Amino acid sequence: TSFFNAAGGGDPVLFQHIFWFFGHPEVYIMILPAFGIASHIIETFSRKQLFGYASMVWAMASIAILSFVVWAHHMFTVGLPLAAELFFMWATMLIAVPTGVKVFNWVTTMFKGSITYETPMLFAIAFVVLFTIGGFSGLMLAITPADFQYHDTYFVVAHFHFVLSLGAVVGSFAGFTFFLEYWIDNEINSFICKHFFWVFLIGSFLVFFPLHYLGLYGFPRRVTDYPVTYINYSSISFVGLALLITSIIIYIPSFSVSLINQEISFNNCSTFGYCSQGIASSPVVILATLLHVYLDSSNVFNYCTIPVP
């Protein structure tokens, strides 16, 4: 059809509006679960109640609502009316407020807490750091005049990967390592997982952080070749990619050992060192409990006996 084809009387910009009206809220849907995972893990390993719980809930609701009214910040260069560009610029910058509330609450929860740096906590802290870096670059992209330079460069690629591709993935790793014991009833190899975390984190920074500089130097997206001027930062990213692949390779044995090991861990809190009542009521644990009906019912709900301070 010619619905989006200008040659046939259609409007290609309309396609962008429809795509991003779906696409932008969709990326928020992908990151919101990581918010909840980070909140749960940080309060657990900080041995403190989550600071500002009500404000966290309102912040998450605000982010979800605002995500539906900022889609056109992907389209600042298509020729939008000035009023539209101003609206979407300010609406995008407004999202930084509830996001900043969440980051502040996470940091305040950890402040003066009795923190133990188990693998899930390392991933949760990394999530906060990576998401904050991506949020700062997002504020830069939200400024319409500046976006005319950043648009369709590797700066956008760096922003997207820090916020979503690293933020959501690291958040998923945090939740995965946190609940793995309850999913498969096996203890996870902490030594290998911590090595995986550090190699993965360093590799991630080496891959994506140099892309900010490439974008600021005008390196466009979606090109198969580039001038030798960009070779230095591109080489650093290539080294980081090798580290990322290496981190995945060293993580496979840890996961395999966890699957093979037959030690039941429902009654074991030693891996976490601290268990909050929230773990006992977690939907993941409840589901795991129902799936493991062969266990003694008198022991299923007694895996966490450490009192909550």
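We use all heavy atoms of the structure for the numbers below, so side chains are in, but hydrogens, waters and symmetry mates are not. Here the structure is a predicted model, which is why all the values come from computation and not from measurement.
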Notebook entry, point to check: How about T132 and W106: do any of their side-chain heavy atoms sit closer than 4.5 Å?
Noted result: no
Margin query: With a 4.5 Å cut-off on side-chain heavy atoms, are Y233 and F219 touching?
Written below: no
Notebook entry, point to check: Of all heavy-atom pairs between W20 and P25, which one has the smallest distance, and what is that distance?
Noted result: O-CD, 3.8 Å
Notebook entry, point to check: M110 and I115: which non-hydrogen atoms are nearest, and at how many Å?
Noted result: O-CD1, 3.5 Å
Note to self: Quick check on the hydrophobic clustering: are I65 and M30 connected, directly or via other members, by side-chain heavy-atom contacts under 4.5 Å?
What the structure shows: no
Next item on the list: Assess whether ring-ring contact (aromatic ring centres under 6.0 Å, His included) is satisfied between F45 and F178, documenting all intermediate values.
Entry: CA-CA 11 Å; F45 291 100; F178 186 65; 5.7 Å; yes
Checklist line | For the student: nearest non-hydrogen atoms of V156 and D152, plus distance | finding: CG2-N, 4.1 Å
Margin query: Ignoring hydrogens, what is the shortest heavy-atom contact between S137 and H212? Give both atom names and the distance.
Written below: CB-NE2, 4.1 Å
Notebook entry, point to check: Can you check whether L244's main-chain N or O pairs, donor with acceptor, with S247's side chain at less than 3.5 Å?
Noted result: yes
Check: How far apart are the closest heavy atoms of I41 and A124, and which atoms are they?
Finding: CG2-CB, 3.9 Å
Next item on the list: Give a yes or no on whether V169 and I245 share a hydrophobic cluster (residues Ile, Leu, Val, Met, Phe, Trp, Tyr; joining criterion: side-chain heavy atoms under 4.5 Å apart).
Entry: yes
Notebook entry, point to check: Are the side chains of L80 and H17 in touch, meaning some heavy atoms are under 4.5 Å apart?
Noted result: yes
Note to self: Could you walk me through whether L166 and F208 satisfy the side-chain contact (heavy atoms from CB on, under 4.5 Å) test, starting with their C-alpha distance in whole Å, then the side-chain angles of each, then the deciding distance to 0.1 Å, before giving a yes or no?
What the structure shows: CA-CA 9 Å; L166 288 182; F208 298 114; 3.7 Å; yes
Margin query: Does Y213, at its OH atom, have more than 12 non-hydrogen atoms belonging to other residues, nucleotides or ligands within less than 6.0 Å?
Written below: no
Next item on the list: May I have the step-by-step check of ring-ring contact (aromatic ring centres under 6.0 Å, His included) for H74 and F19, ending in yes or no?
Entry: CA-CA 10 Å; H74 297 272; F19 175 82; 8.5 Å; no
Next item on the list: For S46 and E43, indicate whether the former's side chain and the latter's backbone hold a donor-acceptor pair under 3.5 Å.
Entry: no
Next item on the list: Kindly determine whether F173 and F196 satisfy ring-ring contact (aromatic ring centres under 6.0 Å, His included), including the steps that lead there.
Entry: CA-CA 11 Å; F173 278 136; F196 162 68; 5.2 Å; yes
Item checked: Value rounded to 0.5 Å, distance of CD in E85 from CH2 in W90 -> 14.0 Å
Next item on the list: Test side-chain contact (heavy atoms from CB on, under 4.5 Å) on Y150 and H159 and set out the steps.
Entry: CA-CA 11 Å; Y150 305 143; H159 159 71; over 6 Å; no
Next item on the list: Taking the side chain as every heavy atom from C-beta outward, state whether L94 and V70 have any atom pair closer than 4.5 Å.
Entry: no
Notebook entry, point to check: For the side chain of K48 and the backbone of K112, is there at least one donor-acceptor N/O pair under 3.5 Å apart?
Noted result: no
Check: Under 30°, 30 to 60°, or over 60°: which ring-plane class applies to F88 and W71, parallel, tilted or perpendicular?
Finding: perpendicular
Notebook entry, point to check: Honestly curious: do L201 and F176 fall in one hydrophobic cluster under the side-chain, below-4.5 Å linking rule?
Noted result: yes
Notebook entry, point to check: Side-chain heavy atoms under 4.5 angstrom apart, residues restricted to Ile, Leu, Val, Met, Phe, Trp, Tyr: same cluster for V97 and V103?
Noted result: yes
Item checked: Rounded distance (nearest 0.5 Å) linking atom CG of L32 with atom OG of S67 -> 7.5 Å
Check: Would one find more than 12 heavy atoms of other residues, nucleotides or ligands at under 6.0 Å from atom OH of Y226?
Finding: yes
Notebook entry, point to check: Should K102 and V128 count as side-chain neighbours, where that means a heavy-atom distance under 4.5 Å?
Noted result: no
Next item on the list: Could you grab the distance from atom CG of D147 to atom CE of M75, nearest 0.5 Å is fine?
Entry: 12.0 Å
Checklist line | Least distance between heavy atoms, A34 atom then G171 atom | finding: CB-CA, 4.1 Å
Notebook entry, point to check: When rounded to the nearest 0.5 angstrom, what is the spacing between CE in M93 and CD1 in I143?
Noted result: 5.0 Å
Check: How about F162 and F205: are their ring centroids closer than 6.0 Å?
Finding: yes
Notebook entry, point to check: Looking at side-chain heavy atoms only, is the closest gap between T44 and M121 below 4.5 Å?
Noted result: no
Check: Passes side-chain contact (heavy atoms from CB on, under 4.5 Å), S204 versus L130? Steps please.
Finding: CA-CA 10 Å; S204 299; L130 293 169; 5.5 Å; no
Next item on the list: Would you give the length of the straight line joining atom NE2 of H151 to atom OG1 of T144, rounded to the nearest 0.5 angstrom?
Entry: 12.0 Å
Margin query: Under the criterion side-chain contact (heavy atoms from CB on, under 4.5 Å), I'd like the reasoning laid out for T99 against F131: C-alpha separation, chi angles, the key distance, then a yes or no.
Written below: CA-CA 10 Å; T99 305; F131 185 80; 3.2 Å; yes
Notebook entry, point to check: How about Y28 and F35: do any of their side-chain heavy atoms sit closer than 4.5 Å?
Noted result: no
Item checked: Between F197 and F123, ring centroids under 6.0 Å -> yes
Check: Are F209 and V163 connected in a single hydrophobic cluster, I mean Ile/Leu/Val/Met/Phe/Trp/Tyr linked by side-chain heavy atoms less than 4.5 Å apart?
Finding: yes
Note to self: Check this for me: H195, atom NE2, are more than 12 non-hydrogen atoms of other residues, nucleotides or ligands nearer than 6.0 Å?
What the structure shows: no
Notebook entry, point to check: When rounded to the nearest 0.5 angstrom, what is the spacing between CG in L214 and OG1 in T153?
Noted result: 9.0 Å
Item checked: Side-chain heavy atoms of L141 within contact of H73, under 4.5 Å -> no
